[in-house]
Colleague: 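Got a structure for you, questions after.
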Amino acid sequence: MANTPISVTVDQVTYEDDVEPRTLLVQYLREQLGKTGTLIGCDTTNCGACTVHLDGQSVKSCTMFAVQADGHDVTTIEGLAQDGDLHPMQQAFHEKHALQCGFCTPGMIMQSIALLQENPNPTEQEVREGLEGNLCRCTGYQNIVAAVQAAAGAGSAAGTQSEEGAA
Amino acid sequence: MTVTEIGSARLRKEDQRLITGRTRYTDNMTLPGMLHIACVRSPFAHATITAIDVSEAKASPGVVSVLTGRDLADEQGSLPCAWPITEDQKAPPHPAVAVDHVAFAGEIVAVVVARTAAQARDAVELVDVDYDELPVVLGLEHALTDEVLAHPSLGTNKSATWVFDSAEAGTGTDVDQALAGSDVVVERTYTQQRLIPAFMEPRSTLVDPTGDQIVMWSATQVPHILRLMLAMTLGIPEGKVRVIAPDVGGGFGGKLQVTPEEVVTLLAARRIGKPVKLTETRSESLMAAHHGRAQLQRLKIGATKDGIVTGLSVDLLADMGAYLGLVTPGVPVLGAFMFNSIYKFPAYRFSTTNLFTNKTWTDAYRGAGRPEATFGIERLMDDLAAELGMDPLELREKNWIKHEEFPFTTVAGLEYDTGNYEAATAKALELFGYDELRAEQKQRRDAGDRVQLGIGISTFTEMCGLAPSRVLGSLNYGAGGWEHATVRMLPTGSVEVVTGASAHGQGHETAFSQIVADRLGIPFDNIEVLHGDTASSHKGLDTYGSRSLVVGGMAIVAAADKVIEKAKAVAAHMMEANPDDVEFAAGNFTVKGTDASVNIAETALAVFAAHDLPDGMEPSLDSDATFDPENFNYPHGTHLAAMEVDTETGEVTLRKYVCVDDIGNVVNPLIVEGQIHGGLVQGIAQALFEEAVHDDAGTLVSGSFVDYLVPSAADLPSFITDRTETPATTNALGVKGVGEAGTIASTPAIVNGVIDAVRHLGVEDILMPCSPHRVWTAINNAGKGGLAAKGGGAEAAVPETTSPEQAASGSNSSGSLPTGDVQ
Ligand code: FES
Ligand code: FES
């Protein structure tokens, strides 16, 4: 199984690596780069715990191979806070008590940011549908929905802040 | 500083690391030279292992070792069950790795240890196991016949039968007599389907055997119990094992266990002498982590014509699955104290027959025995009300304990200290708009609308704060129910709180800091809570049964009070006053009638220096306390659900959900509300979405998140939650548990609502989860005869089972659904 060279930017740092072609992006992030903030909750692409941004779009990083990220720009939960300032969505999750065990949280936050980028002023139902691919077993979602709406209400900040670096 | 922390909606301390991805879940950890385990699991629910060939797997790239049950037979012992409910309880041996017999699909038969996780998984495919398949027993009524045995060597599927009889216990009268003398007797069989806890973090264990102690990190709720059990079952001196529960991604009872995965990881690491990690996949987790619920409830309730209940008889068949886990047999027994719920029943009998089947073993799942009981009684009260032609709320009110009647000793023998069911119900009705919704319901019924409206009621209580040690002793549980804490004053005036409760999402660090901040008058931010590591938190009984605050929190209070006592002597000495004249408030010691004052931080520094202490005083303020509750505490509440049912498609919509819970005094309303929300959704999921389904061969069909329907945000509305506050008198904080309340109450509220929407069509029961297909079928079958026959009171709806498991078990209510027997 020959390894394939890739060049991928993750949280604003560019890495040149050799990966096994079958390595999933999430495995590459966690095992090769030590980006363990991105989590694995399932093996059927249902849970969304592994959600990251690829060139500014949310993707489940267990649904693609690391080699497919070659030449692309990835943002994980670990790359959101800038200079010690939380991203408005992280802040909103904190303020609205939108997390308990925190296992779904990285994926939820990444998906929520993408959701507001597409729809800066969603209704409650639109938020709920936009988060359909992310499972949380702890919160019952009510406070997650509240956090997303609070972040939306906090102005365009959460939806449009350019956290994607070069993207 | 005044007393302000308790009751304030403090944002959580633990969030910072969780929202930035700087987490310490077990699978995030890597140690030098770490190896990985992958498991070979039985595809058969019941078989004999005739041969295992590991030669190819051993030769596979990166493989370090392959271990079978035979390899480990001498050292693996049997996994522990801490709760033998009867003297003659039967149980098969439970090896971590099966030796020659597998009893459920997913049981581990060998493990591969390799340099990478991928290499280990690759080699699993190369392990060649020969099985001789055996017949399977899956359903409870089938298991009861002993025609097919889950463990042939046991000679029976019956593990134990446990009975409580109020006439024998002296807490009530004889139930058979009571029922015989009743105007109305309603007899029902309800099914509690099998559920999967489905915590979001799959279980993971890492063991480092390279130091003097064996160190295990594990995604567990119970690091202390785990350490004790590893020592006892593997014969390792307890002091040579350290267990750490780092960040843990949810548990809900599902991580209240000593697992085969933990044991085999330890054994492999010890053999090889290198750190070894095992992280399960989601599919493995759903298949092999313990399941919950799974009961058949055969109930009889009697009442007078005007709705006074005369007696309740409960006869359970409880599915243990293939083995007994840590507290498996005790789960239905916990329900024994809750079937009588908030009511004043004069006669009561409970029995559970615990049965083995060839399925994943069951054990605690959020509520553990109490949701099952609450579902049974709340469904039954609705059916009784229908039989009597009475409003279901009126029936409940006639029978519940009035607020002025507390303390009240129940027919199950518990003493409820406080409660105010009237107040919670009144508030819930108002928030719900009960009368308006009833009017709308009538309108829709009269008009024959396609979408019918139903109102589901659930009034509940639960016993929380497991548990008074002597009660556990009387139930034959293998340990106590106390909790331990240490409060340490650091010389700089900040505080370390060590707790034996082990958090996995509950927010202990925040809530415990609030309690200590108030008690000691130390700023919230200067308090550090340490937990989840048997090295730093040397003593504890961990987290389950809504016990952390009511038991663990009280231990912290007691330890803090001892700190104050010691500091007071120091402060008196510093102020040259008589300790009897010294008062403590908001962190300051003052001398009555003077303006002399020393704060607690100053005493801590003085004790650290130890230059000038009262004669004979030990230079330390640090204090330990162990709190053993005298009684449980009894949260209660009223939950109301407005359910819409499309009578043509069977589709069910939750339109409005109101709950008013009484959990006594509240430490942090934000955390409380979060617990309620999450609890509600797990209960609603049982009512509408989730079921562990097996095929005829015993294979789990709902073995991934594609089929096991954990609800998403899109499946749910927002809830209206509120509280009444009747402080508990069983602890000084006046608090009650909250972690399980939502789950316990919501399932019957939802199902009662669904049935209320279509009862006039002749439907009397629908199996959970109430999927569109089941609801549609129930309506359709009722329409074919049930409605016409309803006048005669003889026939009921025949709900169709869509689950092969229920069909196989004969647990379909249609087989035994008796109607109200008006005498
Ligand atoms: S791990 Fe990617 S969706 Fe579950
Ligand atoms: S916070 Fe635990 S899964 Fe969402």
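Throughout, protein chains are lettered first and strands after them, A, B, ... in sequence-line order, and every chain is numbered starting at 1. Here the structure is a predicted model, which is why all the values come from computation and not from measurement. Side chains included, hydrogens not; waters and symmetry mates left out as well; all remaining heavy atoms used.
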Colleague: Looking at every non-hydrogen atom in both residues, tell me the closest pair between B:E201 and B:R282 and how far apart they are.
Modeller: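 In terms of heavy atoms, the two residues are closest at N-NH2, 4.1 Å.
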
Colleague: Mind jotting down which residue pairs meet the ring pair (Phe, Tyr, Trp, His ring centres under 6.0 Å) criterion with at least one end in residues 101-149 of chain A? Sequence neighbours excluded, please.
Modeller: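 Passing the test, one end in residues 101-149 of chain A: A:F103-B:Y25.
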
Colleague: Run the side chain to side chain contact (heavy atoms under 4.5 Å, CB included) test against B:R24 and tell me which residues pass, sequence neighbours left out.
Modeller: B:P246, B:D247

Colleague: Side chain from CB out, backbone as N, CA, C, O: work out which of these in A:L39 comes under 4.5 Å of a heavy atom of chain B, or both, or neither.
Modeller: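 Contact with chain B involves the side chain of A:L39 alone.
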
Colleague: Given that the side chain runs from C-beta out, which part of A:Q27 has a heavy atom under 4.5 Å from chain B: side chain, backbone, both or neither?
Modeller: side chain

Colleague: Do B:Q686 and B:Q682 get their side chains close enough for a donor-acceptor pair, meaning under 3.5 Å?
Modeller: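 No, no side-chain donor-acceptor pair sits under 3.5 Å.
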
Colleague: So which part of A:T139 gets closer than 4.5 Å to some heavy atom of chain B, the side chain, the backbone, both or neither?
Modeller: backbone

Colleague: Would you mind checking which part of B:F252 comes under 4.5 Å of any heavy atom in chain A, side chain (CB onward), backbone (N, CA, C, O), both or neither?
Modeller: side chain

Colleague: With respect to chain A, which residue among B:L286, B:T30, B:L680, B:V706 yields the maximal number of heavy-atom pairs within a distance under 4.5 Å?
Modeller: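 Of the options given, most contacts go to B:V706.
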
Colleague: Are there over 12 heavy-atom neighbours, none belonging to A:Q125, within less than 6.0 Å of that residue's CD?
Modeller: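 Enclosed.
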
Colleague: Could you report the tightest heavy-atom contact between A:S112 and A:V148, atom names first, then the distance?
Modeller: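 Here A:S112 and A:V148 meet closest at OG-CG2, 3.3 Å.
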
Colleague: I'd like to know which of B:G250, B:A503, B:G674 tops the heavy-atom pair count under 4.5 Å against chain A.
Modeller: B:G674

Colleague: Between A:S61 and A:R30, is any side-chain donor less than 3.5 angstrom from a side-chain acceptor?
Modeller: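 Absent: no donor and acceptor within the cut-off.
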
Colleague: Which one of B:G742, B:G505, B:G679 has the most heavy-atom pairs closer than 4.5 Å to chain A?
Modeller: B:G505

Colleague: Which atoms of A:I144 are under 4.5 Å from chain B, going by heavy atoms: the side chain, the backbone, both sets, or neither?
Modeller: neither

Colleague: Is chain A contacted by the side chain of B:D27, its backbone, both, or neither, given a heavy-atom distance below 4.5 Å?
Modeller: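 Both backbone and side chain of B:D27 come within 4.5 Å of chain A.
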
Colleague: Have B:T543 and B:S548 got a donor and an acceptor in their side chains that come within less than 3.5 Å?
Modeller: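 The criterion, which ignores hydrogens and geometry beyond distance, is satisfied for B:S548 and B:T543.
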
Colleague: Side chain from CB out, backbone as N, CA, C, O: work out which of these in B:A118 comes under 4.5 Å of a heavy atom of chain A, or both, or neither.
Modeller: both

Colleague: I'd like to know which of B:I676, B:T23, B:T281 tops the heavy-atom pair count under 4.5 Å against chain A.
Modeller: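 Among B:I676, B:T23, B:T281, the one with the most close pairs to chain A is B:T281.
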
Colleague: Hey, which of B:G249, B:G251, B:A9 has the most heavy atom pairs under 4.5 Å with chain A?
Modeller: B:G249

Colleague: Under a 4.5 Å heavy-atom cutoff, which of A:V127, A:L99, A:N143 has the most pairs with chain B?
Modeller: A:L99

Colleague: Step by step, would you call B:R121 with B:E284 a salt bridge (Lys or Arg N to Asp or Glu O under 4.0 Å)?
Modeller: CA-CA 12 Å; B:R121 279 195 299 272; B:E284 285 181 289; over 6 Å; no

Colleague: Which of the residues B:G507, B:G21, B:A713 is involved in the greatest number of heavy-atom pairs with chain A at under 4.5 angstrom?
Modeller: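 Highest number of heavy-atom pairs under 4.5 Å: B:A713.
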
Colleague: Should the pair B:K13 and B:F512 be classed as cation-pi, given the thresholds of under 6.0 Å to the six-membered ring centre and 45° from the axis?
Modeller: no

Colleague: Can you say whether A:L135 sits under 4.5 Å from chain B via the side chain, the backbone, both, or neither, judging by heavy atoms?
Modeller: both

Colleague: Is the gap between the ring centers of B:Y365 and B:H291 under 6.0 Å?
Modeller: no

Colleague: What part of B:Q16 lies closer than 4.5 angstrom to a heavy atom of chain A: side chain, backbone, both or neither?
Modeller: side chain

Colleague: Non-hydrogen atoms of chain A under 4.5 Å away: do they reach the side chain of B:R22, the backbone, both or neither?
Modeller: side chain

